[in-house]
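The structure appears below as structure tokens.
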Amino acid sequence: MNEQRKRILTGDRPTGKLHLGHYLGSLQTRINLQYEYDSYILIADVQALTTHWENEEILAENVVNIAADYLSAGLDPEACTIVIQSMLPEIHELATYFALYTSVNVLRHNPTIKTEALQHNFTDMTYGFLGYPVSQAADISIFKAHLVPVGEDQIPHIELARKLIRRFNELYKPVLVEPQAITSSVTRLVGLDGKNKMSKSLNNCIYLADDRAAVLSKVKSAVTDPARIRKNDPGHPEVCTVFAYHKILNPGELAEITAECQQGNIGCVQCKNNLAGKINLLLEPMHERRNKYKNPDLILDIIAEGTKKARKVAQETMEEVRSAMSINYFDIYKRQ
Ligand code: ATP
Ligand code: MG
């Protein structure tokens, strides 16, 4: 490992396949930065269980799916390290130490926790769910990551991580690194429902693995301007989900689409066909790369190797952490 280079840590919950929101919000940044930083990509299976503890059977399939999504989207296994969270017990150890001085009220007031608790109908939040941002702070600091590429919903968690790390460094010794969040220009891609963020749990996604036909049929189902009934009715692009996607994926034609829609010169079907074409263009190279990773054994080897390498880094960090906290008793006695 090159000690000169700064580190990136980021990851996803294996609760389903990756979607366009992941790609535009975080994955694309990771791909762009992978040769510049030492990049650790965490498949957060324990965090997935904070909302899916009764559906543990989803993990095995999704761990491989997500890794396949990473590799086909363009993460290079030679450049970045793909890691399984549950296989690094050091993360859970560090999370326990962070939890010692984390305020429960601060967690309760975290806006992302509040939104997600509502989404999952959690009236009585579990200790594990309420505390997942603490575990996430440990994910980041076990690798001493400098940068964390994330979408908007993660910003409060990175803020908390920075506070916990700063506090640790003040309380004990300055061994941990305060991370910075890095967001892309798409901090929150809206889902096909036009209301919520595109999210694996909400069934409103275009997946990176979707084929051309699936993309077209999903785009056709997207919510558009409700005031447009006939093709010639003047449209209101600012309230249309399809237009929101054009804005990101089709900037070259934006002015024309805006004018044509407002004047009622193009219908929603034509506009949707155009968008589906643009999305398929983006996904095409991913589908080609995906063919290389058809064999799950190949993916499992990459994850196993990544996890092994990451474990060494985690063990090094924990030695420093324990020593900073003076819980390295044998070393202390040896020195006397
Ligand atoms: P779940 O519904 O299981 O929580 P999710 O779709 O929210 O899944 P996560 O695994 O929680 O996905 O998020 C992984 C990363 O992708 C985070 O950095 C998150 O901010 C980013 N992300 C997820 N959805 C979007 C989106 N719609 N737009 C931009 N970024 C997103
Ligand atoms: Mg999420």
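One-based numbering, in listed order, for ligands and for the atoms of each.
A ring-centre distance under 6.0 Å is not found for His146 and Tyr37. Tyr172 has its ring centre less than 6.0 Å from the ring centre of Phe168.
Side-chain atoms of Asp211 come within 3.5 Å of backbone atoms of Ala214 as a donor-acceptor pair (strictly under, hydrogens ignored).
Met325 CE: more than 12 foreign heavy atoms inside a 6.0 Å radius.
When Asn62, Thr51, Asp45 are each tested for a side-chain hydrogen bond (donor to acceptor under 3.5 Å, both in side chains) with Arg13, only one passes: Thr51.
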One pair per line, please: each N/O atom of ligand 1 matched with every protein N/O atom under 3.5 Å away, atom names first, then the distance to 0.1 Å.
unit_1: ligand 1; atom_1: 2 (O); unit_2: Ser199; atom_2: OG; d: 2.7
unit_1: ligand 1; atom_1: 2 (O); unit_2: Ser201; atom_2: N; d: 3.1
unit_1: ligand 1; atom_1: 2 (O); unit_2: Ser201; atom_2: OG; d: 2.5
unit_1: ligand 1; atom_1: 3 (O); unit_2: Arg13; atom_2: NE; d: 3.3
unit_1: ligand 1; atom_1: 3 (O); unit_2: Arg13; atom_2: NH2; d: 3.1
unit_1: ligand 1; atom_1: 3 (O); unit_2: Thr15; atom_2: OG1; d: 2.6
unit_1: ligand 1; atom_1: 3 (O); unit_2: Ser201; atom_2: OG; d: 3.2
unit_1: ligand 1; atom_1: 4 (O); unit_2: Arg13; atom_2: NE; d: 3.3
unit_1: ligand 1; atom_1: 6 (O); unit_2: His19; atom_2: NE2; d: 2.9
unit_1: ligand 1; atom_1: 6 (O); unit_2: His22; atom_2: NE2; d: 3.3
unit_1: ligand 1; atom_1: 6 (O); unit_2: Lys200; atom_2: N; d: 3.0
unit_1: ligand 1; atom_1: 7 (O); unit_2: Lys197; atom_2: NZ; d: 2.6
unit_1: ligand 1; atom_1: 8 (O); unit_2: Lys200; atom_2: NZ; d: 3.1
unit_1: ligand 1; atom_1: 10 (O); unit_2: Arg13; atom_2: N; d: 3.0
unit_1: ligand 1; atom_1: 10 (O); unit_2: Lys200; atom_2: NZ; d: 2.8
unit_1: ligand 1; atom_1: 12 (O); unit_2: His22; atom_2: NE2; d: 2.8
unit_1: ligand 1; atom_1: 12 (O); unit_2: Lys200; atom_2: NZ; d: 3.3
unit_1: ligand 1; atom_1: 18 (O); unit_2: Gly151; atom_2: N; d: 3.3
unit_1: ligand 1; atom_1: 20 (O); unit_2: Gly151; atom_2: N; d: 2.9
unit_1: ligand 1; atom_1: 20 (O); unit_2: Asp153; atom_2: OD1; d: 2.5
unit_1: ligand 1; atom_1: 24 (N); unit_2: Lys197; atom_2: NZ; d: 2.8
unit_1: ligand 1; atom_1: 24 (N); unit_2: Met198; atom_2: O; d: 3.4
unit_1: ligand 1; atom_1: 27 (N); unit_2: Leu189; atom_2: O; d: 3.0
unit_1: ligand 1; atom_1: 27 (N); unit_2: Met198; atom_2: N; d: 3.4
unit_1: ligand 1; atom_1: 27 (N); unit_2: Met198; atom_2: O; d: 2.9
unit_1: ligand 1; atom_1: 28 (N); unit_2: Leu189; atom_2: N; d: 2.8
unit_1: ligand 1; atom_1: 30 (N); unit_2: Gly21; atom_2: O; d: 3.4

* Please step through salt bridge (charged side-chain N to carboxylate O under 4.0 Å, His left out) for the pair Arg322 and Glu93, ending with a clear verdict. => CA-CA 10 Å; Arg322 288 187 216 108; Glu93 186 183 351; 2.8 Å; yes
